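In what follows, a structure is listed as structure tokens, so that the remarks can point back to it.
Reckoned from all heavy atoms, side chains included, excluding hydrogens, waters and symmetry mates. Residues take their numbers from the sequence shown, with the count starting at 1. Bear in mind the structure is a predicted one, so any value in this text is a computation, not a measurement.
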Amino acid sequence: MERLSFKVENQDGAARVGKIRLRNGNVETPVFMPVGTQGSVKTMSPKELESIGAEIILGNTYHLYLRPGDRVIKKLGGLHKFANWRRPILTDSGGFQIFSLGLANKNKKGLVKILDNGVEFQSHLDGSKHLFTPQKVLDIQNNLGSDIAMVLDECAPGNSSKGYAKEAMERTHRWAKEAKLYADKKKLNSAIFGIVQGVTYDDLRIESAKYINSLNFDGNAIGGLAVGESKEKTYHALDVVLPYLSENKPRYLMGVGEPEDILEAVERGVDMFDCVAPTRIARNGTVITKSGKINLSNAKFKLDKSPIEKGCDCYACQNFSRAYIRHLLVSSEILGIRLTTIHNLRFMLSFMAEIRDSIKNQSFKKFKKSFLKKYLK
């Protein structure tokens, strides 16, 4: 079986519904991918993820390489078997985490060193030194058994000067070419996605999109957005980039998961999304509803007998009141954050299903307008 095939099945303007076929299953797009950084979506079991409709999840190369180790995971049958997840897995290259480590510790010299052949970094666990090259990152993801592997890239900060943005982009391009040549030579099992960079400089973004697209990866990703720039700049960058990315390959906007941002990106022709936000805010008691986000820890929900959201079919909404979930949260009971997580992920997956249906029915713009009117009120 080929590593990846993609077919656009319906279209409404630039918004499209498609199907990605991978070794471990099919994925309907547009898709939201829950993030399982350490090989686990926080508080959720694989069975629960399947029950709420997750078709693909993320793992993180940086974290899994450091602990328990990609070779350990390979010996145990690969990440799918290790985590008992039977559906597709996309793994990030770990580049974003490495560069974030450097930014977060900018006063500590030596934590991250960018070299021509890769990135040298110190583990956040024990301080040990490691080197990620474009080839090594793919070897790690191959050991994990990823369905989709991301190439190593440099995610320059959103406030980078144009000079540095260009330097980082050119380095990303060199690494992408090396990764593509290596993947083809080794006949790796994972589908490989290239990543467009260029911060918010139009000419750099166009140059990057053209170059990454020319390398003929299995899919194309847009990185370096939603990292501090305004939403308007994010949307503008998509307008600039997408015309240069192949229409017959999946387009993945990395790290974006706010409903309003997903709608804007889908309208422009993006197919894949991921974000830690739905699970992260769930652990703080915040839930996503069609009327916006609410924090169930607030005292006003103490006597609220209603579910998180009427009409929601998730386990939390079908069985428990806001008052009970609030009680669990303020009592630091683990069930509380499990229920808020189940709801938030089910909300996101149902939201994506509604988007797909609206595109099939040629009513996407109407759905977008109606959803945002209530969600952003």
Side-chain angles (χ1 to χ4, degrees), residues 3 22-24 33-46 49 54 56-105 108 110-115 117-155 175-176 178-179 182-183 185-193 195 221 223 254-255 274 276 279-280:
R3 299 181 301 194
L22 296 159
R23 287 178 301 148
N24 286 288
M33 303 178 284
V35 178
T37 301
Q38 313 265 12
S40 168
V41 176
K42 285 183 171 55
T43 81
M44 298 284 287
S45 73
L49 286 167
I56 179 172
I57 62 171
L58 263 70
N60 184 267
T61 298
Y62 168 81
H63 289 283
L64 293 170
Y65 162 77
L66 291 177
R67 184 173 56 193
D70 56 296
R71 292 179 183 176
V72 169
I73 292 173
K74 183 179 181 180
K75 285 179 182 177
L76 293 168
L79 188 55
H80 291 84
K81 190 171 183 180
F82 187 52
N84 194 28
W85 175 251
R86 297 172 291 186
R87 297 177 180 181
I89 296 174
L90 180 151
T91 46
D92 195 356
S93 69
F96 180 79
Q97 285 68 34
I98 294 168
F99 296 118
S100 298
L101 178 71
L103 290 171
N105 297 278
K108 296 182 181 178
L111 279 177
V112 177
K113 190 181 291 184
I114 302 170
L115 309 170
N117 67 325
V119 188
E120 189 180 85
F121 62 94
Q122 282 183 257
S123 164
H124 72 284
L125 298 175
D126 59 12
S128 57
K129 283 194 174 182
H130 303 269
L131 175 68
F132 270 10
T133 66
Q135 297 83 358
K136 183 172 181 177
V137 160
L138 290 184
D139 283 337
I140 293 167
Q141 293 177 88
N142 197 55
N143 285 341
L144 296 175
S146 312
D147 292 271
I148 299 175
M150 305 303 297
V151 299
L152 183 65
D153 66 322
E154 181 176 352
C155 182
W175 291 348
E178 289 177 26
Y182 185 73
K185 181 182 176 182
K186 290 283 187 176
K187 293 183 169 57
L188 299 179
N189 293 322
S190 305
I192 314 291
F193 278 32
I195 304 174
M254 304 179 75
D274 81 282
V276 297
T279 48
R280 179 175 287 166

Once side-chain contact (heavy atoms from CB on, under 4.5 Å) is applied, do any residues pair with [X], and if so which ones, sequence neighbours excluded?
| X | answer |
| --- | --- |
| Lys186 | Tyr182, Leu188 |
| Ala176 | Ile212, Leu215, Phe217 |
| Leu131 | Leu115, Asn117, Glu120, Thr133 |

Point-to-point distance, once rounded to the nearest 0.5 Å, from [atom1] of [X] to [atom2] of [Y]:
| X | Y | atom1 | atom2 | result |
| --- | --- | --- | --- | --- |
| Asp70 | Leu64 | CG | CG | 9.0 Å |
| Arg23 | His80 | CZ | NE2 | 7.0 Å |
| Ile98 | Leu152 | CD1 | CG | 6.5 Å |
| Ile56 | Asn24 | CD1 | CG | 10.0 Å |

Salt bridge (charged side-chain N to carboxylate O under 4.0 Å, His left out) pairs, two or more places apart, involving residues 132-152: none

Indicate yes or no: at least one non-hydrogen side-chain atom of [X] is less than 4.5 angstrom from one of [Y].
| X | Y | result |
| --- | --- | --- |
| Ile148 | Leu22 | yes |
| Leu49 | Ile57 | yes |
| Lys74 | Leu144 | no |

Closest contact, heavy atoms only, [X] versus [Y]:
| X | Y | result |
| --- | --- | --- |
| Gly223 | Met254 | CA-SD, 4.2 Å |
| Gly39 | Leu79 | CA-CD1, 4.3 Å |
| Gly127 | Gln122 | O-NE2, 3.1 Å |
| Leu76 | Lys81 | O-CD, 3.9 Å |

For [X], what residues pass the side chain to side chain donor-acceptor pair (under 3.5 Å) criterion, not counting sequence neighbours?
| X | answer |
| --- | --- |
| Ser190 | none |
| Asp153 | Gln197 |
| His63 | none |
| Asn142 | none |

Taking only residues two or more places apart in sequence or in another chain, which ones pass salt bridge (Lys or Arg N to Asp or Glu O under 4.0 Å) with Arg280? none

Between the main-chain N or O of Gly255 and the side-chain N or O of Asp274, is there a donor-acceptor pair closer than 3.5 Å? yes

Set out, in order, the CA-CA distance, both residues' side-chain angles and the distance that settles side chain to side chain donor-acceptor pair (under 3.5 Å) for Asn60 and Gln38, then state yes or no. CA-CA 6 Å; Asn60 184 267; Gln38 313 265 12; over 6 Å; no

By ring pair (Phe, Tyr, Trp, His ring centres under 6.0 Å), which residues pair with Tyr62, not counting sequence neighbours? Phe121, His124

Only counting residues at least two apart or in another chain, list the ones meeting ring pair (Phe, Tyr, Trp, His ring centres under 6.0 Å) with Tyr65. His130, Phe132

Could you go through residues 83-95 and list every donor-acceptor pair under 3.5 Å that involves a side-chain atom there, pairing it with any protein atom two or more places apart or in another chain?
| residue | atom | partner | partner atom | Å |
| --- | --- | --- | --- | --- |
| Trp85 | NE1 | Arg87 | O | 2.9 |
| Trp85 | NE1 | Pro88 | O | 3.0 |
| Arg86 | NE | Glu50 | OE2 | 3.3 |
| Arg86 | NH2 | Glu50 | OE1 | 2.8 |
| Arg86 | NH2 | Glu50 | OE2 | 3.2 |
| Arg87 | NH1 | Ala54 | O | 2.8 |
| Thr91 | OG1 | Gln141 | OE1 | 2.8 |
| Thr91 | OG1 | Ser146 | OG | 2.6 |
| Ser93 | OG | Gly95 | N | 3.1 |
| Ser93 | OG | Val151 | O | 3.3 |

Evaluate side chain to side chain contact (heavy atoms under 4.5 Å, CB included) for Val41 paired with Thr279, printing each intermediate quantity in order. CA-CA 8 Å; Val41 176; Thr279 48; 4.1 Å; yes

